[in-house]
Amino acid sequence: MLAVLAAVALAVATAAAVGHEPVRGGPAARQIRQGKALAEVRGRAVGPMSASSRRGWDCQTELRLQWVTVSGVRMPSDERIMLFARSRSCQLQQGGQYRARGLLEPSAYGRSMPWLAVEDGTKQVRPPWPGRRLIARMQGAFLEQTSRLDDQGRILVPGLTMGILGNQTLPGSDGSLGRPAVEPAYAARLTQDFRASGILHLMAVSGGHFMILASLLVSTMRALRSPPLLMALVLSAAYLGLGMLMVPGDSVLRAQAMGLLSALALAACRPAQSVNTLSWCVLLVLILRPSMAASYGFALSCGAVLGIALGNRRLTALLEDHLPAILARPLATTLCAQAGTLPVQVLMSPGLPLLAPMANLLVTPVVDAATVTGLLALLTSWLWPPIGLLLARLTSLGTGVMAFAATWLGEAVAPAAWPSGPVGSACLLGLGLMAVIDHRLIRLIRARRRDCSWSALTDVTSGVPFRPSAWVSIKGWLQQTYGLLTQLAFKKRPRSMSSDEGRFES
């Protein structure tokens, strides 16, 4: 086991170094280390246009470069840059190839990638393929319907459904600036409340979308008695289509890769194993895209899945002894996912959200329903706008519950202070290892102290230990207390003599 862990750590470190090398050694990166320069680039738009996070610019998008021209020298490149533009140039579509000329400069905040500030218009070299244009039309129609909701719906419904918050989208589905923007102060406060309450993951797309889709398709196709190969093909097509509908993200990539691997296992008639599937997913993603080794989103997504896979079943069985199943299962899933992501969260922001289990427990009943209605609104808004608006309003009811829980719990208790950086992560990992070791020691001590006389006499070793729940213990205590009080009251009551006893006394 130690040799395997050492090999995995070495592979991850190598992948991180290989992924960081294009960022440092590309022509754009070499140029910005020397200073700002005018450059002409050609690349493909990785994601849709979104509202600019930089003052003085209207929109931004990420470009994957094909070549860069600086000082008349044209150099091939595979880097990614952030392009900032104004209203006339905010027409880039995801998947299209474009040529732009502007000022190349280093990033002032956020991810360490070059910035390109485009003053003049951009030129389209190759349009997106027809499927991508249809998806862009569907996304634009959905955003147009969500613009009619209240502020929390305009922010949270696109975030829960597509992975981009409403305050980050362009003011118009066609790139125009006619729609009034969401109040920045309200959007910032809502984001802070979600972060403080520990449910920030609900403001972006996670693996829940793919799990809901997979469960619906598998149930339907099993009812139709479809063969495993056909079921795997349908699941693969559904995963690819759903991934294209979402805004590209690291968690979406993880969920899509794991879904395709699970479909491959289904086609081979092999049982699904979460830890093995996650391991293959991480290995393949790091081999194909080594830069993901330094991605917080990918690490958070993998940590949540790992925590759920390792501890969800045992924690659910333990909680079901004391809570109803409808509360025990989501609470166990939340606690396991939170435990798996805490070391990475500490690297991002030093603080432990104490009320995260309660917040997740409050929003769990509405998350799945809101996700389904949001996806249906995304699929129907471009065909039947009234139906899309109705489904978006239903989704807004669910996101309203999330906003209420986040505001109520996020403002109640501040996150607990914790050491930041690698020291805090190491402390959390040490506490986790100590908890696992203590649990195993307690189990070992109990197993050695267990009375084996009955097993020795009857030669029966089957069965599970009985653990009374809290309600059973309280009920038994109340019954015994009532019985004792009844006996005491009966003993203190004076006994009246019968007529026969009176005659006998006389």
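Here, residue 1 is the first one in the sequence, and each next residue gets the next number.
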Steps toward side-chain contact (heavy atoms from CB on, under 4.5 Å) verdict (Leu315, Cys336): CA-CA 8 Å; Leu315 188 58; Cys336 292; 3.8 Å; yes
Counting only heavy atoms not in Met358, do more than 12 sit closer than 6.0 Å to its CE atom?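 No, because the 6.0 Å sphere around CE of Met358 holds 12 heavy atoms or fewer from other groups.
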Show the numbers, then the answer: is there a side-chain contact (heavy atoms from CB on, under 4.5 Å) between Tyr186 and Gln152? CA-CA 9 Å; Tyr186 174 76; Gln152 67 83 17; 3.2 Å; yes
Output yes when a side-chain donor or acceptor of [X] lies under 3.5 Å from a complementary backbone atom of [Y], and no otherwise.
{"X": "Glu79", "Y": "Ala29", "value": "yes"}
{"X": "Ser226", "Y": "Arg222", "value": "no"}
{"X": "Thr373", "Y": "Ala370", "value": "yes"}
{"X": "Ser197", "Y": "Phe194", "value": "yes"}

Under 3.5 Å, side-chain donor or acceptor atoms of residues 227-244 against the rest of the protein: list the pairs with distances, not counting sequence neighbours.
unit_1, atom_1, unit_2, atom_2, d
Ser236, OG, Ala232, O, 2.9

At what distance, to the nearest 0.5 angstrom, does CZ of Arg154 lie from OG of Ser396? 11.5 Å
Would Ser279 and Val275 satisfy side-chain contact (heavy atoms from CB on, under 4.5 Å), going step by step from the backbone distance to the final call? CA-CA 6 Å; Ser279 303; Val275 178; 4.3 Å; yes
Set of side chain to side chain donor-acceptor pair (under 3.5 Å) partners for Thr333, sequence neighbours left out: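 Thr333 satisfies side chain to side chain donor-acceptor pair (under 3.5 Å) with Asn312 once adjacent residues are dropped.
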Could you tell me which residues satisfy side chain to side chain donor-acceptor pair (under 3.5 Å) with Arg329, sequence neighbours excluded, listed by chain and number? Glu320
Parallel, tilted or perpendicular: rings of Phe84 and Trp115 (30°, 60°):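 It falls in the perpendicular class, over 60°.
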For Cys302 and Arg254: C-alpha separation, side-chain torsions, deciding distance, then whether side-chain contact (heavy atoms from CB on, under 4.5 Å) applies. CA-CA 7 Å; Cys302 293; Arg254 195 277 313 161; 3.8 Å; yes
